[in-house]
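Predicted, not measured: the structure shown is a model, and the values here were computed from it. Values below: every heavy atom of this structure, side chains too, minus hydrogens, waters and symmetry copies.
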Protein chains: 2
Amino acid sequence: MIRVLLAEDQAMVRGALTALLNLESDIEVLGSVADGEAAWRELQRLKPDVLVTDIEMPGLTGLELAQRVRRHELPMKVVIVTTFARPGFLRRALDAGVGGYLLKDSPAEKLAEALRTVHRGGRAIDPELALEAWSDADPLNDRERQVLRLAGEGQAASDIAQQLNLSHGTVRNYLSEAIGKLGVANRIEAYRLARQKGWL
Amino acid sequence: MIRVLLAEDQAMVRGALTALLNLESDIEVLGSVADGEAAWRELQRLKPDVLVTDIEMPGLTGLELAQRVRRHELPMKVVIVTTFARPGFLRRALDAGVGGYLLKDSPAEKLAEALRTVHRGGRAIDPELALEAWSDADPLNDRERQVLRLAGEGQAASDIAQQLNLSHGTVRNYLSEAIGKLGVANRIEAYRLARQKGWL
DNA sequence: GCGTACGAGTGACAGCCGTCATCCGCTGCT
DNA sequence: AGCAGCGGATGACGGCTGTCACTCGTACGC
């Protein structure tokens, strides 16, 4: 019997996935939670065999959860189930030692299958995504990422400078650097590209 | 017996929702499809009582589907199930005469409940969203929307002008108008706000 | 037929953006 | 001590952005 905890913020999807997994005779959903903090609490209380988690959740993200599980050396596997086919996300997940990484685009049967594989000690990584993940690494450094995030919200260089305790000109230098590294024409395209790749 | 067709692009969610609905004894899922065109075909073939559809799908969106159903006067109800709490979307859905509009954030039981209500001829609209929808209408005109969409992709005024066969200056005038109407400081914020409201 | 509202364009101005060369201070290496 | 490397700052340049006042044509209302 595979004992599962499910973390997913959209209630309807959470309910539906629970229904789906409960159809499997060898899988038992111990509980389901809507955010990262709740997941962390229930994780320690219920001690499931596998944590199935989304990435984008209020509070702790699924990636941060996976990192915590690894850091505390909890004896359980983590399977990420997400909408985002972003190479950067997969890489961070692998660095956190997750057992599985599935896209919500892949067929429903794959989920139970992946849980079994991971429970046996194997890995279940979306194959096409796995290729991409090693092809292009994030070329941005910390400052560039910070600056790009804020610029993407529509903030001007001076606003960003104030928030990061940098000078107006330095912010523009970092933005220029980021734009150059990503091979695009302006901050907006840079933001969009970085976001799409899962780098910010 | 309520006969349902399900349209949802994410395969895993599609499978999970099917499992969820099949648990209900008075609901039968006739089929499920992954995009708008397929939904339109199956709609005519299977003649379900209710179409349950996502909004963001390849090809036809759920909103366009609902419009078609209305225009062809097909004898079925439409229930939208979406991630997006955007007033503009709800308003367009209501204009298209949908029977229900639910958020994936609301609990799973609500779905079956909503299907029954709608099947009886009632309406199932997410209550908080319903309020918002009538409060703020889209202040933008067609040109402003077009220009804003392209600006949001990082295009410069001159590029946009070329694509729309307008002059460089006119594009900037429209952008300025949009920025003013939305009460923000620049094109990026304008784009984000308009998008969040479901106006573009 | 006349006023007017509307879509589109023009020109000017101030300020912001993207780029680049250069500089400063600090850390680490040897 | 000497030097390279790095994070950050500076200043200048040209181009783009956001704003505004004004013009022009054309369709519409009466």
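- With rounding to whole Å, B:Glu144 atom CD is found 12 Å from C:dC6 atom P.
- Partners of B:Glu24 under the salt bridge (charged side-chain N to carboxylate O under 4.0 Å, His left out) rule, at least two apart in sequence or in another chain, are B:Arg116.
- Remark: B:Glu177 pairs with no residue by the side chain to side chain donor-acceptor pair (under 3.5 Å) rule, at least two apart or across chains.
- Residues passing the side chain to side chain donor-acceptor pair (under 3.5 Å) test with A:His72, sequence neighbours excluded: none.
- Sorted by first then second residue, the side-chain hydrogen bond (donor to acceptor under 3.5 Å, both in side chains) pairs that include residues 99-115 of chain B, not counting sequence neighbours, are B:Glu8-B:Lys104.
- For the strand DNA chain C, secondary-structure stems (runs of at least three Watson-Crick or G-U pairs, all distances below 3.5 Å) span C:1-30 with D:1-30.
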Distances under 3.5 Å only, N/O to N/O: pair up the protein atoms with those of nucleotides 7-12 of chain C.
{"residue": "C:dA8", "atom": "OP1", "partner": "B:Arg143", "partner atom": "NH2", "Å": "3.0"}
{"residue": "C:dA8", "atom": "OP2", "partner": "B:Arg143", "partner atom": "NE", "Å": "3.0"}
{"residue": "C:dA8", "atom": "OP2", "partner": "B:Tyr174", "partner atom": "OH", "Å": "2.7"}
{"residue": "C:dG9", "atom": "OP2", "partner": "B:Ser167", "partner atom": "N", "Å": "2.9"}
{"residue": "C:dG9", "atom": "OP2", "partner": "B:Thr170", "partner atom": "OG1", "Å": "2.7"}
{"residue": "C:dG9", "atom": "O5'", "partner": "B:Thr170", "partner atom": "OG1", "Å": "3.4"}
{"residue": "C:dT10", "atom": "O4", "partner": "B:Asn173", "partner atom": "ND2", "Å": "3.0"}

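- Scored by the salt bridge (charged side-chain N to carboxylate O under 4.0 Å, His left out) test, B:Lys47 finds no partners at all (sequence neighbours excluded).
- Judged as a salt bridge (charged side-chain N to carboxylate O under 4.0 Å, His left out), and not counting sequence neighbours, B:Asp9 has no contacts.
- Of the residues in residues 179-195 of chain A, not one places a heavy atom less than 4.0 Å from an atom of DNA chain D.
- In the region residues 146-159 of chain A, proximity to DNA chain D at under 4.0 angstrom, judged on heavy atoms, holds for none of the residues.
- Pairs passing the side-chain hydrogen bond (donor to acceptor under 3.5 Å, both in side chains) check and including a residue from residues 33-45 of chain A, sequence neighbours excluded, read A:Glu42-A:Arg45.
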Every protein N/O within reach of nucleotides 23-29 of chain D N/O, cut-off under 3.5 Å:
none

